[in-house]
2 protein chains.
Amino acid sequence: MSLRFNDFTPDTNEKTLSMKPEKISEFTTRRLSIYLRSLNQLTLEGVETISSQSFAERFNLNSAQIRKDLAYFGEFGVRGVGYDTEALRKHLIEILGLNRRHRVGIIGAGNLGLALANYKNWTASSFNVVALFDNDTARIGKTSLASSHASKNSDGVKIYDVRDFPTLARELELEMVALAVPRETAQSALDMVVEAGIKAVLNFAPAQLEAPEDVQVKTVDLTISLESLSYFLAQPTSDEVK
Amino acid sequence: MSLRFNDFTPDTNEKTLSMKPEKISEFTTRRLSIYLRSLNQLTLEGVETISSQSFAERFNLNSAQIRKDLAYFGEFGVRGVGYDTEALRKHLIEILGLNRRHRVGIIGAGNLGLALANYKNWTASSFNVVALFDNDTARIGKTSLASSHASKNSDGVKIYDVRDFPTLARELELEMVALAVPRETAQSALDMVVEAGIKAVLNFAPAQLEAPEDVQVKTVDLTISLESLSYFLAQPTSDEVK
DNA sequence: CAATGTGAAACGATTCACAGCT
DNA sequence: AGCTGTGAATCGTTTCACATTG
């Protein structure tokens, strides 16, 4: 095996984040979130170093999978020792793009939209809900707190006319949109959002939506999960096997 | 190949629902929900018969996959013709266990719990939210509508003391529970629910929960979906590739 | 010498392609 | 003639197992 000029890489031992060595599967990225959450827990407990082995046992994961997932992005571990909790945590935050705030708009100021706007964990993390949009004049102009029974320790999010979305999306520099509208209007709302140049959408409507492939739409589908549970209950196995 | 006594099956041409020919994957069951939703749409449009081909094109699915998924449960199609929309719809409803109502309790009467309780699509489908549970005395005794800004066309769901869950779960014949509590209390809430004999849980807390394997826990994790979108936005590909 | 990083093996899900039925 | 139901081929994901390394 001859050593060609290009074989010498002056890089650090970590793969640079900007290089895209291969396509990372969604299974992997979702697990990265789980690893990050678990690391937060470990940091809280003061654990400074952990092996993939004990990490896996602690949070019931698979150690080989942890190593493989992490190895896509760099060599974060130390052989014979394990991973530095805090360093790995920071790496994951960067990989997931959580090192900066994302400005989120919510379309639909019904029960779900308001609950989302007031959901505490958004703010604790890297997402800021900066605007709500609705087409109901009774809601427009109010804030999420005036409409809801939420606690008073934050300012609430203003509800705008959805017709102003195209201009406001730009002005407010929205990066992400959550769709909390009825199924019937979900596709047209998405079309509007796409038209405004938004590339990341979280859809709560129980519908398969169509979008250009450079727009990432993630559907959180309550109905499907419920029906999946219903299927499970309907299986003879549930009771039969004691 | 000798014909033994047991080889003669007096069954219809459909696999009986009680037999478990092989383990059905979750990927398949989730798609069954999607097929059902699509069939509802077709019924509405008056389409009486459809081939897997046109079904796939209409809802962007894969026709071979549709046929394979359905074939796990019986021979629902007619060669040369396709599937009878209405008949297939009824089959899926039965397979998914949606031919009877499921009584659901929600633990946690915060923003999310209330939004869930007032969510219209539950009632439209086969799920009845019959009780909310909370540990906040300010909430206990109220109903979901008194606490929320929801419309007045239904009676609202009563909020009970979570300490009464074990007895009420039995009295109200709860079959499913939705966990809408903070992450910190999710595991202990689940333990209580499991202890009460509930076998199907929909978890909204951003946590990996532990449960016996005869209890099905489905986590709807907003945080993971958001972080997955954030990762997507952080990829150079999003803008770079024009 | 303990634990990573990683090819190779195993497993599982999707898609192909066609025999067989109506 | 047309479409289902399904083995076989393909593709992707997970797990194994070990050479490599601090």
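Letters A, B, ... are given to chains in the order of the sequence lines, protein chains preceding strands, and every chain is numbered from 1. Just so you know, these numbers use all the heavy atoms, side chains as well, and skip hydrogens, waters and symmetry mates.
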- Query: A:D69 CG to D:dT15 C1': how many Å, rounded?
  - Reply: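 After rounding, the gap between these two atoms is 12 Å.
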- Item | Nearest-angstrom distance from the residue atom OH of B:Y35 to P of D:dT4 |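 The answer, rounded to whole Å, is 13 Å.
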- Under a 4.0 Å heavy-atom cut-off, which of residues 41-50 of chain B touch DNA chain D?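 Hits under 4.0 Å, by residue number: none.
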Look at the side-chain N and O atoms of [X] and state whether any lies under 4.0 Å from the OP1 or OP2 oxygen of [N].
{"X": "A:S52", "N": "C:dA3", "result": "no"}
{"X": "B:Y83", "N": "D:dG2", "result": "no"}
{"X": "B:N62", "N": "C:dT15", "result": "yes"}

Would you say the side chain of [Y] lies within less than 4.5 Å of the side chain of [X], judging by non-hydrogen atoms?
{"X": "A:L202", "Y": "A:M176", "answer": "no"}
{"X": "A:L92", "Y": "A:L70", "answer": "yes"}
{"X": "A:T28", "Y": "A:K68", "answer": "no"}
{"X": "B:P212", "Y": "B:V194", "answer": "yes"}

- Counting side-chain heavy atoms from CB outward, which of D:dT4, C:dG5, D:dT6 is closest to A:E75?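 Of all the options, the side chain of A:E75 is nearest to C:dG5.
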- Let me see the working for A:I34 and B:D221 under side chain to side chain contact (heavy atoms under 4.5 Å, CB included), right down to the final yes or no. CA-CA 10 Å; A:I34 292 170; B:D221 198 323; over 6 Å; no
- Query: Could you run down nucleotides 7-13 of chain D 5' to 3' and tag each one B, S or - for protein heavy-atom contact under 4.0 Å?
  - Reply: BB----S
- Which sits closer to the 5' end of DNA chain D, A:R67 or A:G80, going by the nucleotide each is nearest to?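 The answer here is A:R67.
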- Message: Salt bridge check, A:E45 against A:R58: does any charged N sit closer than 4.0 Å to a carboxylate O?
- Response: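 Counted as a salt bridge, because a side-chain N and a carboxylate O are separated by less than 4.0 Å.
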- Would you call B:E26-B:R30 a salt bridge at under 4.0 Å N-O?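 Yes, this pair counts.
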- Task: Ignoring hydrogens and angles, answer whether the base of C:dT4 and the side-chain atoms of A:R79 contain a donor-acceptor pair closer than 3.5 Å.
- Result: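 Yes, the side chain and the base share a sub-3.5 Å donor-acceptor pair.
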